[in-house]
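Written below as structure tokens is the structure these notes are about.
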Amino acid sequence: GSLITNGSISNNGTFTVQRTITKDRWHLISSPVTDATAQVFENDYLQSWSEVNAEWTDIISTGTALNPAQGYGLWTMYSSDHTYSFIGTPNTGNQNVQLTVSSNFPDPETGNDGANLLGNPYPSAIDWSMLDNTYGAAYYWQGNGTNGEGTYLSWNNGSGQGSQYIAPAQGFFVVAASAGTISLTNAHRTHSVGSYYKSATDTKDNLLVLETVSKGISDKLYVNFKDEATEDFDLQHDAYKFASGTAGLSELYSFTGDKKLSIDVRPECEVIQLGFSNSVSGAYSISINQLNCISKATMEDTK
């Protein structure tokens with residue numbers, strides 16, 4: 001279901017917005033109604049994320065308010081997939097969230113400064129293509145149901161494994177370039193919804209997509225050549241690489257300076273520095289997932 005309202009909402013009855021959550025994996029979630037509390041997730045593991053401290057904190061009190069447009073981490077304790085009910089007046093109108101940029105990730109191997117966890121506050125999807133020119137990529141967590149394992153997916157300006165459309169009750173990260181306020185409005189709402197965590201990527205000219213698969217999880221690097229892009233990080237085109245922290249998971253990325261990218265858009269060039277990581281010894285492969293308008297690509301192992 002998807003609800004888009006015009007004007008104010010007079011709640012003289014009971015509004016219930018539901019979201020089904022898959023068991024045995026972490027999710028990033030948010031509340032689509034006002035006045036919701038952690039009571040919705042009683043007996044589950046619910047966490048908040050602090051960009052300032054670069055850490056997750058368990059939410060213990062069921063009376064803790066679930067702030068509109070803020071994301072949370074959730075691990076359901078139900079033995080099967082469970083449908084949660086958010087009861088209250090659906091959020092509408094402007095929703096503002098403060099963005100912070102700290103310096104707790106000086107090593108790009110461990111994380112990205114400015115990673116703020118947001119959430120879709122509406123009972124409908126929001127179209128991130130209306131916001132990416134200002135705030136850059138959206139980053140999603142996709143769990144695979146094995147001991148909390150999974151990977152982060154990114155989407156920016158039509159490229160990436162993530163989704164253009166952020167579903168109701170979906171949490172997501174943005175990497176702020178500077179401290180300030182992000183404003184979500186009714187104009188960003190849409191009834192178009194991709195999958196809850198990811199959707200397919202449109203075909204692009206001059207595109208190279210590399211893929212590695214391990215533990216049943218696909219990890220991709222998107223390289224796109226555009227004249228209007230630069231070799232440095234471009235907020236409107238590129239996306240950082242979020243390390244998953246999953247042992248034994250293969251991850252691909254490229255470099256711009258000391259920063260790792262999951263989406264790399266740059267002018268045409270001959271050489272791009274790639275990176276590959278896996279914390280467990282083994283035999284792994286890298287394949288071409290997509291190749292458009294590029295006649296030849298050669299990979300050199302500089303090790």
Side-chain angles (χ1 to χ4, degrees), residues 25 107-112 137-163 173 175 195 197-226 229-234 237-303:
R25 63 192 67 189
D107 182 358
E109 294 281 345
T110 60
N112 298 297
Y139 303 85
Y140 307 86
W141 171 259
Q142 178 177 261
N144 76 334
T146 304
N147 300 320
E149 297 173 341
T151 188
Y152 284 97
L153 311 178
S154 57
W155 187 91
N156 195 6
N157 198 17
S159 294
Q161 280 185 277
S163 176
F173 279 96
V175 179
S195 63
Y197 290 103
K198 64 177 180 178
S199 65
T201 301
D202 295 334
T203 300
K204 294 291 182 181
D205 291 339
N206 301 315
L207 174 68
L208 171 65
V209 181
L210 298 178
E211 179 181 29
T212 182
V213 180
S214 58
K215 304 174 76 70
I217 301 173
S218 167
D219 191 80
K220 296 178 181 178
L221 166 66
Y222 289 73
V223 178
N224 193 201
F225 297 114
K226 291 185 177 181
T230 71
E231 292 186 2
D232 297 325
F233 180 82
D234 293 320
H237 299 292
D238 300 324
Y240 293 112
K241 181 67 178 182
F242 273 41
S244 72
T246 299
L249 181 68
S250 298
E251 297 185 274
L252 278 170
Y253 42 88
S254 64
F255 284 94
T256 177
D258 64 348
K259 291 294 186 181
K260 297 178 179 180
L261 302 181
S262 58
I263 302 174
D264 186 347
V265 183
R266 60 175 69 199
E268 286 192 22
C269 60
E270 294 295 324
V271 179
I272 297 175
Q273 178 64 52
L274 303 182
F276 176 93
S277 65
N278 193 308
S279 60
V280 177
S281 297
Y284 304 105
S285 65
I286 300 172
S287 63
I288 293 178
N289 176 269
Q290 197 171 332
L291 186 68
N292 299 327
C293 299
I294 298 175
S295 59
K296 182 180 179 180
T298 302
M299 182 177 294
E300 178 184 359
D301 182 359
T302 57
K303 293 291 186 180

> Do Leu208 and Ile288 come close enough that some side-chain heavy atom pair is under 4.5 Å?
Replying inline: yes
>> So does Ser163 get a backbone contact from the side chain of Tyr140, meaning a donor-acceptor N/O pair under 3.5 Å?
In response: yes
> How close do Ser279 and Gly248 get, heavy atom to heavy atom, and via which atoms?
Replying inline: OG-N, 3.1 Å
> Side chain of Arg25, backbone of Gly143: donor and acceptor closer than 3.5 Å?
Replying inline: yes
> Quick one: salt bridge (charged side-chain N to carboxylate O under 4.0 Å, His left out) pairs with a partner in residues 144-158, sequence neighbours left out?
Replying inline: Glu149-Lys215
> When you measure from the side chain of Thr256 to the backbone N and O of Glu231, does any donor-acceptor pair fall under 3.5 Å?
Replying inline: yes
> Does any N or O in the side chain of Ser244 come within less than 3.5 Å of the main-chain N or O of Thr246, such that one atom is a donor and the other an acceptor?
Replying inline: yes
> Taking only residues two or more places apart in sequence, or in another chain, which ones meet Phe225 in a ring pair (Phe, Tyr, Trp, His ring centres under 6.0 Å)?
Replying inline: none
> Lys220: what forms a side chain to side chain donor-acceptor pair (under 3.5 Å) with it, not counting sequence neighbours?
Replying inline: none
> Taking only residues at least two apart or on different chains, which pairs with a member in residues 284-303 satisfy salt bridge (charged side-chain N to carboxylate O under 4.0 Å, His left out)?
Replying inline: none
> Got a sec, which residues hit side chain to side chain donor-acceptor pair (under 3.5 Å) with Ser254, two or more places apart in sequence or on another chain?
Replying inline: Asp264
> Sequence neighbours excluded, which residues qualify as ring pair (Phe, Tyr, Trp, His ring centres under 6.0 Å) partners of Phe242?
Replying inline: Tyr139, Tyr152, Phe173
>> Please check this pair: side chain of Asn112 against backbone of Lys241, looking for a donor-acceptor N/O pair closer than 3.5 Å.
In response: yes
>> If the condition is side chain to side chain donor-acceptor pair (under 3.5 Å), which residues does Asp234 pass it with, not counting sequence neighbours?
In response: Thr230
>> Test of understanding: with salt bridge (charged side-chain N to carboxylate O under 4.0 Å, His left out), list the residues that count as partners of Glu211, not counting sequence neighbours.
In response: none
> Given Val209 and Val223, is the side-chain contact (heavy atoms from CB on, under 4.5 Å) satisfied, shown in steps?
Replying inline: CA-CA 6 Å; Val209 181; Val223 178; over 6 Å; no
>> Show every salt bridge (charged side-chain N to carboxylate O under 4.0 Å, His left out) that has at least one partner inside residues 270-286, sequence neighbours left out.
In response: none
>> Do His237 and Ile263 make a side-chain contact, defined as non-hydrogen atoms from C-beta onward lying under 4.5 Å apart?
In response: no
>> Test side-chain contact (heavy atoms from CB on, under 4.5 Å) on Phe255 and Leu261; report intermediate values, then the result.
In response: CA-CA 6 Å; Phe255 284 94; Leu261 302 181; over 6 Å; no
> Can you check side-chain contact (heavy atoms from CB on, under 4.5 Å) on Asp238 and Lys259, steps first, answer last?
Replying inline: CA-CA 11 Å; Asp238 300 324; Lys259 291 294 186 181; over 6 Å; no
> Residues two or more places apart in sequence or in another chain: which of them pass side chain to side chain contact (heavy atoms under 4.5 Å, CB included) with Leu252?
Replying inline: Leu210, Thr212, Asp219, Leu221, Phe276, Ile286
>> Ser277: which residues meet the side chain to side chain contact (heavy atoms under 4.5 Å, CB included) condition with it, sequence neighbours left out?
In response: Glu251, Tyr253
> Just checking, is any N or O donor in the side chain of Asn278 or Ser250 under 3.5 Å from an acceptor N or O on the other one?
Replying inline: yes
